[in-house]
Each structure stands twice: as structure tokens, then as C-alpha cells.
There are 2 protein chains.
Amino acid sequence: MGITKTEIFTDEQNKLAVQLKAIAHPARIAILQLIIEAKACICGDLSSELGLAQPTVSQHLKELKNAGLIQGTIEGVSVCYCIEPEAWKNLNDELNKLFSSYKDFNNCC
Amino acid sequence: MGITKTEIFTDEQNKLAVQLKAIAHPARIAILQLIIEAKACICGDLSSELGLAQPTVSQHLKELKNAGLIQGTIEGVSVCYCIEPEAWKNLNDELNKLFSSYKDFNNCC
DNA sequence: TAATTATATTGCAATATTACGATTAATTAA
DNA sequence: TTAATTAATCGTAATATTGCAATATAATTA
């Protein structure tokens, strides 16, 4: 089939999966890191910094934006991207929840 | 082309991307949650609990195992899966590093 | 307005993912 | 050894992702 059966999972599980998928690519991890360090937040700068073509970077930025993780501000002829604080915090919280729910000692096997 | 240019990224970025991709699916999130709560750790139990066919669950388990996030122990005729503590802790650390590197005030735009 | 600069979109080829029926392999029980 | 039980693998169809050249769009400057 090739299509994820989202209807059998909770909204939380689906949302977490979508946001994780957004950051589950080395280029998008690198983009987030560059944006956070503010070494680059302009598509063109990211493109030359990463060594990926401009349309490719634009597409990655779009996916991060679709997941709500970044936001773009028009700055003259270019667009400056930065982290969307709410979503970033929210994803951090959800991940903390997941990871902290595991205690070493409750292994069942 | 359809293939990720892993060679232009660091090993850390690539490894993080691989592990995130492994958990970036609602079924695999659900599987991890069930394993952690030890409500189910057997492929068949997970299958009926999730409402996904056995081969599908088996494939998801394989991907989590390939990413090093879970391990399987043969228990008679079935296999019991549980979290691989080292990798789990490592991924948690890497994510904490990424998320904590962002400070609200260093927005550049 | 026309030229310039930068980003977004389109279209496409190559590859990867998702899901599952059918089958095979492995282990235990009779 | 045979039957039963469970998990893994194979094969396949449907869909999604990745990367980029070509092009379109938007904003600024001359």
C-alpha cells in the first residue's frame, strides 16, 4: 500500500511522528543547527553552507515550516528563517515524556 | 535522485537522522510506548494490540532493531523485544544537545 | 519600467517506505 | 517425527522522499 495507517493511532502519536520525520534528515538537522547558531538563516546562505542546490534547501525549509518547527520572515529580497519557539518547546516536551517514561529497571525480557 | 547525500554531513548528523527516522512513524512510536510500559513486547501481541498485520509489525521491529534502539530475546517460540538502554540514552543525549542549544533570545530575525 | 537578486514552484528520475498475503524458518509440544 | 505456534522473509503494489534543472514569482534597485 505505501500509506501510513494514521487512523489507528492517537493524534499525539501522529503529530510526534510528523515532527520527528521533519527533523529526521541530516540536511534538516544541519539547517536547524545553522539557524540556531544563527550562522545562516537565509536560503542562499544555507545552500552554499551545506553544499546543496537552492531548490533542495528551499524544499527542506518548506518541510520544516510545514511541521511548524521554523518560521520565515521576509527581509527585503530574501527570507530569514528561525525557530518557532512554541513548536520547538512542545516537541522537546513530547520527546522528554517519551524518553523519561523508560526506566532502565523495567525491562521485561 | 531520491538518495540522501550523507557524505556532505557529519557522522553525528547522519546517525541522529537515522535514529530519528526509526522513531518517526506512529506505529514505531506506539511500539516503543508499549514496550516501555511492558504492555506488550511480543510481535504477535503488538500486532493485535496495534491492529497491524504481523509482517508489518515484524518489519517495524526490524527497523527499530537496525537503528539499535531495541533488542530481541528468544523466549521459546516467540521473541521478546525491549529497549536497548545504551542507544536509548545516547539518542536522548543527542536530542537534549540539539534542543538545549536553542535559546529563545537568540532569534536572528 | 527594466534589470537584478533571491526564493518558491514545477516536473521528473531515482530511490525509499509502507503494508500485507504468501511462504519459510525456528522452536516447542505431542 | 509430526503438528502447532510464532516470527522472519519474500514479493509486490501503492505511495512518499530526495535532489536538482528549469522556470516562475516577489522584492529591490537603477
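Everything numeric here is computed off the predicted structure, so don't read it as measured data. Chain naming here is simple, since letters A, B, ... match the order of the sequence lines and numbering starts at 1 in each.
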Between [X] and [N], does any side-chain N or O lie under 4.0 Å from OP1 or OP2?
{"X": "H60(A)", "N": "dC20(D)", "result": "no"}
{"X": "S58(B)", "N": "dA7(D)", "result": "no"}
{"X": "Y81(A)", "N": "dA8(C)", "result": "yes"}
{"X": "K21(B)", "N": "dT17(C)", "result": "yes"}
{"X": "K5(A)", "N": "dC20(C)", "result": "yes"}
{"X": "T56(B)", "N": "dT18(C)", "result": "no"}

Heavy atoms under 4.0 Å, any strand shown: does [X] hit a base, just sugar-phosphate, or nothing?
{"X": "K65(A)", "result": "nothing"}
{"X": "E75(A)", "result": "nothing"}
{"X": "V79(B)", "result": "sugar-phosphate"}
{"X": "Q54(A)", "result": "base"}
{"X": "L52(B)", "result": "sugar-phosphate"}
{"X": "I42(B)", "result": "sugar-phosphate"}

Quick one: does [X]'s side chain have a donor or acceptor within less than 3.5 Å of a partner on [Y]'s backbone?
{"X": "E75(B)", "Y": "S78(B)", "value": "no"}
{"X": "S47(B)", "Y": "L52(B)", "value": "yes"}
{"X": "R28(A)", "Y": "A22(A)", "value": "yes"}
{"X": "Q13(B)", "Y": "T10(B)", "value": "yes"}

Pairwise 5' ranking along DNA chain D for A53(A) and D45(B), keeping only the more 5' one: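 Taking each residue's closest nucleotide, the earlier one in sequence belongs to D45(B).
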Closest-nucleotide ordering on DNA chain D, the 5'-leading residue of G76(A) and A27(A):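 First, find each residue's nearest nucleotide; the 5'-ward one identifies A27(A).
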Nucleotide nearest I74(B) when distance is taken to its side chain, options dT27(C), dA27(D), dC20(C):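 Nearest nucleotide to the side chain: dT27(C).
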Which nucleotide in dT18(C), dT18(D), dA16(C) has an atom nearest any side-chain atom of I3(B):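 So the side chain of I3(B) is nearest to dA16(C).
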d([atom1], [X]; [atom2], [N]) in whole Å:
{"X": "K62(B)", "N": "dA16(C)", "atom1": "NZ", "atom2": "C1'", "answer": "14 Å"}
{"X": "L64(A)", "N": "dT17(D)", "atom1": "CG", "atom2": "C1'", "answer": "14 Å"}
{"X": "Q59(B)", "N": "dT6(D)", "atom1": "CD", "atom2": "P", "answer": "21 Å"}
{"X": "L50(B)", "N": "dT18(C)", "atom1": "CG", "atom2": "P", "answer": "14 Å"}
{"X": "I23(A)", "N": "dT18(D)", "atom1": "CD1", "atom2": "P", "answer": "13 Å"}
{"X": "H25(B)", "N": "dT15(D)", "atom1": "NE2", "atom2": "P", "answer": "15 Å"}
{"X": "I31(B)", "N": "dA7(D)", "atom1": "CD1", "atom2": "C1'", "answer": "14 Å"}
{"X": "L46(A)", "N": "dA6(C)", "atom1": "CG", "atom2": "P", "answer": "14 Å"}

Given DNA chain C, 5'-ward residue of the pair P55(B) and L61(A), judged by closest heavy atom: L61(A)
Geometric class of the H25(A)/F9(B) ring pair [parallel <30°, tilted 30-60°, perpendicular >60°]: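 Rings of F9(B) and H25(A): perpendicular, over 60°.
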Ion pair check, E94(B) and K97(B), cut-off under 4.0 Å: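 Result for this pair is yes, salt bridge flagged.
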